[in-house]
Student: 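The structure under discussion is supplied below as structure tokens; questions concerning it will follow.
Remember, it's a predicted structure, so these values are computed and weren't measured experimentally. Labels below follow one simple rule: chain letters A, B, ... track the order of the sequence lines, proteins then strands, and each chain is numbered from 1. No hydrogens, no waters, no symmetry mates; every other heavy atom, side chains included, goes into these values.
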Protein chains: 2
Amino acid sequence: MSMGDVIDRGERGRVTLQVIAEKLDVSTATVSLALRDSPVVAEATKSRVQALARELGYIYNRSAASLRTARTNMIAVGFHDITNPYFAEMLVAVEETAAEAGRTILLGTYGESLERQERVLGTLKEYRPDGMILCPAGGATAESLAHLTAARIPVVQISREIEGVGLDFVGSDDVQGAHLAIAHLVELGHTRIAMIGGMEDTSTGWCRHRGYREAIEKHGLRFDPDLVYMDYGTRQTGLAGIQKVLALPDPPTAAFCFNDLTAFGALLGLRRCGREAGLDFSIVGCDDVQEAAQWYPALTTVRNNHAEMGRRAAELLIERIERPDLPPRRVLIRPELIVRASTVAA
Amino acid sequence: MSMGDVIDRGERGRVTLQVIAEKLDVSTATVSLALRDSPVVAEATKSRVQALARELGYIYNRSAASLRTARTNMIAVGFHDITNPYFAEMLVAVEETAAEAGRTILLGTYGESLERQERVLGTLKEYRPDGMILCPAGGATAESLAHLTAARIPVVQISREIEGVGLDFVGSDDVQGAHLAIAHLVELGHTRIAMIGGMEDTSTGWCRHRGYREAIEKHGLRFDPDLVYMDYGTRQTGLAGIQKVLALPDPPTAAFCFNDLTAFGALLGLRRCGREAGLDFSIVGCDDVQEAAQWYPALTTVRNNHAEMGRRAAELLIERIERPDLPPRRVLIRPELIVRASTVAA
DNA sequence: CTGAAAGCGCTAACAA
DNA sequence: TTGTTAGCGCTTTCAG
């Protein structure tokens with residue numbers, strides 16, 4: 001076919017199964033099967049169909065197929081924040097695992113706004129993804145996800161957990177993570193240990209705070225609410241938090257930060273106060289994002305294996321899509337302490 | 001309606017316009033219009049329809065609507081790497097702008113692999129997004145995007161540009177950015193300035209290298225190929241590159257890095273050699289990711305306004321979706337030098 | 001091995 | 001203001 005020929009592109013100017021079928025004088029059913037390489041179609045027919053499809057620049061229309069099959073092969077990902085490298089790196093793991101399984105990611109973000117989350121999840125669900133991977137905004141309740149379970153959409157929660165919602169969950173054992181951090185600091189001889197960042201309206205915040213308190217008391221130290229600075233885990237929180245606790249009459253000599261971002265902020269705030277982690281103060285982060293190893297000083301932190309978390313979540317979801325009646329599963333990834341240069345003996 | 005009633009969920013167990021229409025004894029057309037709040041439908045009817053829809057947990061089916069309207073309200077984003085905060089932050093800007101305009105993001109990533117890019121873009125296009133925002137893998141050619149233009153999919157390139165492909169582009173004036181960096185270093189008295197990172201198979205790499213060389217020569221310095229270390233812009237590249245040039249018989253006293261990630265690596269490598277940027281060496285980065293201001297030393301860098309880039313790209317794309325015949329546009333965002341602590345007089 | 005026909009859930013023309 | 005009708009592009013029985 002030369003460039004001069006007018007290609008019959010159908011009413012809408014598009015190449016569809018219909019136009020291929022007509023040109024080849026076969027049925028659309030045959031074309032459909034041939035393009036999917038069905039064993040039921042004669043080899044010769046298949047080649048003819050496939051060749052013509054390529055020639056005409058046929059593009060499979062997944063909307064149409066989805067309408068028919070009630071499958072979209074899309075996985076919706078709702079994250080509060082992908083600006084945090086922890087979640088960006090997790091998202092990459094999800095995306096890659098999904099892509100390997102022939103799924104594409106539909107993405108929505110909503111910060112810590114429940115209202116935006118509601119809107120975003122509502123929209124995502126209208127695209128009829130085969131399933132969703134969610135990390136809810138702070139304060140989200142079982143109720144706020146009820147519309148998803150009602151619609152019987154397979155959902156796996158990642159990192160942050162809403163309990164009693166009967167959904168799969170993949171996350172870190174955050175209580176244990178806090179224990180590791182505090183044990184390390186206690187071992188170094190610290191007795192006044194602050195906790196910076198983390199909110200109670202989030203499972204990660206709540207669990208890490210609980211682990212912090214448990215560990216403090218387990219080691220025979222006194223829990224002092226003044227040493228606790230709560231806010232969402234941002235660099236800004238770390239910066240403000242460390243300065244706050246350092247201004248105390250009886251300041252801490254170490255701090256456990258809710259996440260690495262907060263720790264980075266704290267490292268900075270420390271320096272502004274003329275102190276330096278690893279010299280006259282100790283900071284432990286949580287997450288172990290790539291950046292952590294490269295800070296100065298390199299950050300001692302609790303590794304949550306977020307890439308694995310992303311991968312496992314995608315795998316779990318795909319399993320659940322195939323077997324919707326599986327009982328809810330809860331995958332807790334074991335955190336590990338990574339000791340680097342930001343902690344020293346008291 | 002009590003919980004005991006069996007809700008007619010249609011053949012597939014789903015609530016569709018059909019089932020609402022039947023229950024209310026109106027036509028699906030009316031239901032469709034009512035749900036979209038058409039002024040043509042009587043208020044009373046609208047309320048009845050909307051109330052029942054809510055009660056039954058009706059979920060709009062965008063696949064079905066798309067099939068009919070040939071519009072999906074999805075924007076596909078193909079990025080090589082969202083692990084780089086530069087692109088993650090850009091993606092957030094794209095996502096937010098798109099969401100404000102009622103569009104949802106379909107995401108694909110492919111690293112620097114042309115083969116993966118081909119596969120990913122192919123898949124994305126089958127979902128029939130209304131448009132695409134792309135940052136191609138290194139070495140991508142006009143040819144490798146030809147299938148998109150052939151399918152008449154509105155595309156805007158972001159950050160990296162493939163020329164002669166006739167597509168919209170939003171990016172930074174990379175040549176100018178390099179000029180700013182070099183001018184700053186020359187002003188500080190540096191005469192041996194390295195360039196670390198960046199590949200010629202990428203417009204950003206190529207332009208920054210060109211700008212580097214032009215600026216070097218414009219200031220009467222000698223261009224020395226030994227001072228140039230080429231590789232993709234990663235932390236690893238920075239780490240390796242700085243060590244390489246420092247080992248030279250006549251080492252540089254300053255380096256311009258392809259991007260901030262590379263600069264972070266270089267800062268690290270420098271320290272491993274017992275040197276410190278801002279004291280006995282100067283490093284200029286490029287991008288100004290959030291992390292840059294918080295490094296130690298804080299990174300002097302060329303700000304590319306990547307958030308604005310993301311926003312503009314989304315805006316441009318939405319315009320083009322509405323007016324496909326617009327001539328290709330090229331938006332160059334003016335870079336600015338942000339002087340911080342990683343540079344000092346020679 | 002191939003074709004005919006129906007239908008997924010929605011919207012848009014047109015008619016009433 | 002509402003209903004009728006057709007059809008978007010695909011897959012899937014069921015016949016042949």
Student: What N/O pairs connect the protein and nucleotides 14-16 of chain D at under 3.5 Å? Give each pair on its own line.
Tutor:
none

Student: What contact category does B:S63 fall into here, base, sugar-phosphate, or nothing, at under 4.0 angstrom with non-hydrogen atoms?
Tutor: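 Counting heavy atoms under 4.0 Å across all strands, no contact is made by B:S63.
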
Student: Determine, for B:F169 and B:R330, whether the Lys NZ or Arg CZ falls below 6.0 Å from the six-membered ring centre while staying within 45 degrees of the axis.
Tutor: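 The answer is no; the distance or angle limit is not met.
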
Student: Is any side-chain N of the basic residue among B:E315 and B:R311 closer than 4.0 Å to the acidic one's carboxylate O?
Tutor: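 Yes, charged N to carboxylate O under 4.0 Å.
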
Student: Restricting both atoms to N or O, compile the protein contacts to nucleotides 3-6 of chain C shorter than 3.5 Å, with distance only.
Tutor:
unit_1	atom_1	unit_2	atom_2	d
C:dG3	OP2	A:S27	N	2.8
C:dG3	OP2	A:S27	OG	3.4
C:dG3	OP2	A:T30	OG1	2.9

Student: How is B:V40 classified with respect to the nucleic acid when contacts are heavy atoms under 4.0 Å: base, sugar-phosphate, or nothing?
Tutor: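 Result for B:V40 = base.
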
Student: Between A:R160 and A:C135 (side chain of the first, backbone of the second, donor and acceptor by atom type, cut-off under 3.5 Å), is there such a pair?
Tutor: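 Pair absent, no side-chain N/O of A:R160 close to backbone of A:C135.
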
Student: Tell me the side chain to side chain donor-acceptor pair (under 3.5 Å) pairs involving residues 93-103 of chain B, sequence neighbours left out?
Tutor: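 Non-adjacent pairs meeting side chain to side chain donor-acceptor pair (under 3.5 Å): A:T109-B:E95.
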
Student: Are the charged groups of A:R323 and A:E319 less than 4.0 angstrom apart, N to O?
Tutor: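 Here A:R323 does not pair with A:E319 in a salt bridge, since their nearest N and O are not under 4.0 Å apart.
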
Student: Counting distance only, does the side-chain N/O of B:R320 pair as donor-acceptor with the main-chain N or O of B:P327 below 3.5 Å?
Tutor: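 Pair found, side chain donor or acceptor close to backbone of B:P327.
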
Student: Could you point out which residue of B:D37, B:T45, B:I20 forms a side-chain contact (heavy atoms from CB on, under 4.5 Å) with B:Q50?
Tutor: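 Answer after filtering B:D37, B:T45, B:I20: B:D37.
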
Student: Which is more 5' along DNA chain D, the nucleotide nearest A:R36 or the one nearest A:A64? Just name the residue.
Tutor: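 Per heavy-atom nearest nucleotide, the more 5' residue is A:A64.
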
